[in-house]
Amino acid sequence: MTATSDETYKVYAIKYGHHDRLSSANFIGGDSHDTSMPLAYFVWAVVGPSRTFIVDTGFDAETGAGRGRSITKPVEEGLAKIGIDVATVEDVIVTHMHYDHAGNRNLFPKARYHVQDREMAFCTGRCMCHGTLNHSFDVEDVASMVRRVFDRRVQFHDGDSSITSGLSVHRVGGHTDGLQVVRVRTAQGWLVLASDASHLYANMEQKRPFPVVYNVGDMLEGYQRLYSLADDPAWVIPGHDPDVLKRFPAASRELDGWVVRLDGVQR
Ligand SMILES: [Zn+2]
Ligand SMILES: [Zn+2]
């Protein structure tokens with residue numbers, strides 16, 4: 001399936017944070033090599049001729065400090081470098097409600113937020129009574145999303161849902177009950193922002209799940225789903241792999257190691 005004359009998008013990955021860790025922390029059952037395997041933290045931007053969508057909102061320095069994660073560049077700085085003013089953003093897609101994807105609560109004052117029904121039910125329901133499951137959520141992020149519901153600033157999606165021509169969301173679950181991935185039409189074909197459906201290339205390539213998980217079966221099924229939604233396995237973009245910054249070209253020379261363009265030719 002190749003791109004048609006229908007609307008296509010530019011897609012950017014913008015790194016904002018970093019966490020050093022050993023590989024044993026990235027797989028259920030650990031890792032026999034136990035080498036350094038850090039996580040990068042990203043937000044993504046999907047830029048079309050008429051509309052721009054931000055995928056996830058990251059966390060701020062205060063939240064990062066509380067969890068031992070460092071900010072490399074604030075989210076708003078990275079977005080500004082590619083010409084996006086957070087004050088004017090109209091659409092934010094939240095892949096799931098974890099603190100590293102749904103923070104920076106006041107950064108997008110004009111935006112409508114796209115969330116799955118199941119994620120909202122999950123992060124406000126009985127599962128949050130369990131420390132193991134609520135650990136990766138920040139109650140203030142969740143409370144802010146509840147307020148947005150009442151302010152009519154949330155557009156809910158149920159499963160597979162088209163947002164506009166060439167852009168859709170798909171509930172994969174697994175990592176959280178309502179995790180959604182984003183499918184985007186680019187000039188090269190269909191690209192998939194996997195977010196935490198696969199933290200690292202190794203998780204989905206080797207079918208070895210990341211240990212923060214709600215339903216292992218759904219997570220394993222999700223790896224197949226990711227590949228089936230993309231036109232090429234290389235166009236499935238994991239949520240936290242620093243290698244994304246090496247596999248794709250910088251959006252400009254000064255943004256090397258910070259912002260990469262995902263819809264062009266790989267380097
Ligand atoms: Zn997550
Ligand atoms: Zn994450």
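These values consider heavy atoms only, across backbone and side chains, with no hydrogens, waters or symmetry-generated copies. Each ligand, and each atom within it, is numbered from 1 in the order the structure gives. The first residue in the sequence is number 1, and the count goes up from there.
With W258 as the aromatic partner, K73 meets the cation-pi criteria of under 6.0 angstrom to the ring centre and within 45 degrees of the ring axis.
Taking the charged nitrogens against the carboxylate oxygens, R51 and D91 do have a contact shorter than 4.0 Å, which makes a salt bridge. Using a cut-off of 4.0 Å between Lys/Arg side-chain N and Asp/Glu carboxylate O, D241 and R247 are scored as not salt-bridged.
Taking the Zn ion (ligand 1) as reference, the nearest N/O/S atom within H98 carries the name ND1. The minimum distance between the Zn ion (ligand 1) and any N, O or S atom of D196 involves atom OD2. As for D100, its N/O/S atom nearest the Zn ion (ligand 2) is the one called OD2.
Aromatic ring orientation, F210 versus H199: parallel (interplanar angle below 30°, classes split at 30° and 60°).
Residue side and main chain included, H199 places no N/O/S atom under 2.8 Å of the Zn ion (ligand 2).
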